[in-house]
There are 2 protein chains.
Amino acid sequence: MSNVATNFTQRTINYDQLLGDFKVLLKKNNLKFTIQREVILETLYNSDEHLAPESLHHLLQDKFPELKIGIATVYRTLSLLEDSDMVTSLSFGAQGKKYELGAKNHHDHLICTSCGTITEFVDEEIEERQHNIADELGFTMQDHSMQIYGICKNCK
Amino acid sequence: MSNVATNFTQRTINYDQLLGDFKVLLKKNNLKFTIQREVILETLYNSDEHLAPESLHHLLQDKFPELKIGIATVYRTLSLLEDSDMVTSLSFGAQGKKYELGAKNHHDHLICTSCGTITEFVDEEIEERQHNIADELGFTMQDHSMQIYGICKNCK
DNA sequence: ATAATAGCGATAATAATTCTCAAAAGAAGA
DNA sequence: TCTTCTTTTGAGAATTATTATCGCTATTAT
């Protein structure tokens with residue numbers, strides 16, 4: 001029963017912790033903690049979607065119209081977060097790049113090539129094997145990602 | 001000794017077979033077999049690199065200057081090949097999308113975040129586990145890809 | 001509160017990708 | 001091989017995605 005792939009979305013840290021980490025990171029690099037950066041982090045945290053820069057921008061305009069957040073700020077902040085390894089970007093097939101918060105539990109992706117749905121899962125056996133492979137090849141592993149493409153239950 | 005990650009690039013089919021498959025595919029879809037399509041397929045076959053559309057275009061201009069292949073044709077052909085599952089596209093981190101021939105043996109990627117080098121490997125244990133996971137989740141697996149990010153030997 | 005500095009939005013600039021169209025090339029049949 | 005029909009091509013325009021610039025504003029440290 002263990003070692004069975006499980007299908008879930010789970011956070012390892014709560015928002016306050018995440019925000020704290022972000023503030024530390026900013027301070028370390030002489031960067032400022034701005035409202036824009038905060039709401040972008042918050043929006044990413046509250047989204048279970050994998051967001052493209054543009055969709056994130058729309059979300060932000062809907063939720064915080066008074067801030068009039070510009071698209072450039074979205075790109076800038078996503079780059080900042082990605083450089084700091086707080087978010088990771090993914091690009092599947094034809095669709096463009098999408099971002100997701102890295103602070104969630106690590107997970108891999110199951111992508112339905114018919115309806116486009118992305119299901120997340122974690123499998124300990126694979127996680128472990130990845131570490132071993134990196135070691136064997138003299139690689140210091142920082143991160144990894146895996147995607148399985150196919151047809152989901154519903155589409156069959 | 002088995003189950004050890006190995007680092008290689010190996011083709012499962014030779015060029016004539018590949019070309020044959022391509023011709024069949026084209027005929028099936030009422031598409032024409034053109035010189036441009038042939039040299040693009042050939043160039044992808046002969047490259048061990050993961051090619052961005054632009055680098056592919058440069059390669060083609062170098063190797064077949066008389067054809068004056070346009071960038072639009074490169075994009076068109078890559079899309080065609082991707083739609084037909086003959087090539088797959090990858091996008092790692094900041095760099096844009098790159099294409100590789102899918103007819104090579106399946107392999108995963110080890111990406112050095114310092115120098116950008118991409119090493120390919122295959123691990124049977126992971127391959128098998130991926131199939132199991134897809135089954136467990138009621139998914140019909142068509143393909144998969146995996147990336148491990150880290151620092152390679154040389155960069156350490 | 002002030003001064004110093006980084007960040008912001010708007011938008012211009014650039015890069016990446018797709019579209020348009022007239023000319024050229026491939027396929028099929030006579 | 002010649003003709004006809006259809007698809008593809010290259011060139012460049014158009015669109016989309018991303019990044020850079022800049023004067024003004026907000027944040028931080030003092």
Side-chain angles (χ1 to χ4, degrees), chain A residues 19-20 22-43 50-84 87 89-99, chain B residues 19 22-41 43 50-84 87 89-99:
Chain A
L19 190 59
F22 190 32
K23 286 181 178 173
V24 169
L25 172 79
L26 293 172
K27 194 156 291 178
K28 261 191 201 159
N29 293 284
N30 255 36
L31 303 174
K32 293 177 179 171
F33 179 69
T34 63
I35 297 204
Q36 288 82 354
R37 285 174 177 165
E38 174 167 17
V39 301
I40 288 175
L41 186 71
E42 185 195 315
T43 304
H50 300 73
L51 294 172
E54 194 144 357
S55 349
L56 177 53
H57 187 221
H58 281 138
L59 261 184
L60 291 164
Q61 292 190 318
D62 280 356
K63 296 215 274 177
F64 310 95
E66 73 282 7
L67 293 180
K68 292 177 172 231
I69 293 183
I71 185 73
T73 297
V74 174
Y75 275 103
R76 280 186 292 234
T77 305
L78 283 174
S79 298
L80 167 64
L81 289 169
E82 186 171 25
D83 289 346
S84 323
V87 308
S89 68
L90 309 164
S91 173
F92 300 133
Q95 308 135 64
K97 198 173 284 193
K98 292 182 177 179
Y99 294 79
Chain B
L19 191 59
F22 190 32
K23 286 182 178 172
V24 169
L25 172 80
L26 292 173
K27 194 156 290 179
K28 259 190 203 162
N29 293 285
N30 257 40
L31 303 174
K32 291 176 179 172
F33 179 68
T34 64
I35 297 203
Q36 289 83 351
R37 285 172 177 165
E38 174 167 19
V39 300
I40 288 175
L41 185 71
T43 303
H50 300 74
L51 294 172
E54 194 147 354
S55 350
L56 177 53
H57 187 221
H58 281 138
L59 262 182
L60 291 165
Q61 291 189 317
D62 281 356
K63 296 214 273 176
F64 311 95
E66 74 281 7
L67 292 181
K68 292 177 174 231
I69 293 182
I71 185 73
T73 297
V74 174
Y75 275 103
R76 279 186 293 234
T77 305
L78 283 175
S79 298
L80 167 64
L81 288 169
E82 187 171 24
D83 289 347
S84 323
V87 307
S89 69
L90 310 165
S91 172
F92 301 134
Q95 309 135 60
K97 197 172 286 195
K98 294 181 178 179
Y99 292 79

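Computation of the quantities below employed the complete heavy-atom set of this structure, encompassing side-chain atoms and omitting hydrogens, waters and symmetry-equivalent molecules. First the proteins, then the strands, lettered A, B, ... as listed; each starts at 1. Predicted model only: the values in this text are computed from it and were never measured.
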Could you tell me the separation between the CZ atom of B:R37 and the CG atom of B:L26, rounded to the nearest 0.5 Å? 6.0 Å
Generate the contact string for nucleotides 24-30 of chain C. Rules: B means base contact, S means sugar-phosphate contact only, - means no protein heavy atom under 4.0 Å. --BS---
With a 6.0 Å cut-off (strictly less than), is the heavy-atom count around NZ of A:K63, excluding the residue itself, greater than 12? yes
Assess whether side-chain contact (heavy atoms from CB on, under 4.5 Å) is satisfied between B:E82 and B:L78, documenting all intermediate values. CA-CA 6 Å; B:E82 187 171 24; B:L78 283 175; over 6 Å; no
Grab the two heavy atoms, one from A:V74 and one from A:I40, that are nearest each other, plus how far apart they are. CA-CD1, 4.1 Å
Identify whether any heavy atom of A:L67 sits under 4.0 Å from a base atom; if not, whether one sits that close to sugar-phosphate; answer base, sugar-phosphate or nothing. sugar-phosphate
Protein-nucleotide distance (A:L26, atom CG; C:dG7, atom P), rounded to Å: 8 Å
For the pair made of CZ in B:F64 and C1' in D:dT9, what is the distance, rounded to whole Å? 17 Å
Integer-rounded Å distance: D:dT9 P and B:Q36 CD: 5 Å
Closer than 3.5 angstrom, by distance alone: can the side chain of A:S55 be matched with the main-chain N or O of A:L51 as a donor-acceptor pair? no
Starting at atom CG of A:N29, determine the distance to atom C1' of C:dG7, rounded to an integer number of angstrom. 15 Å
Interatomic distance, A:L81 CG vs C:dG7 P [rounded to whole Å]: 13 Å
Roughly how far, to the nearest 0.5 Å, is the OG atom of B:S84 from the CG atom of B:L31? 8.0 Å
Can you list everything that forms a side-chain contact (heavy atoms from CB on, under 4.5 Å) with B:L67? Sequence neighbours excluded, please. B:I35, B:V39, B:F64, B:I69
Summarise protein proximity over nucleotides 11-23 of chain D in one line of letters, 5' to 3': B for base, S for sugar-phosphate only, - for none, counting protein heavy atoms closer than 4.0 Å. -B----SSBBB--
Separation of B:L80 atom CG from C:dT18 atom C1', in whole Å? 15 Å
Pair B:T73-B:R76, side-chain donor/acceptor within less than 3.5 Å: yes
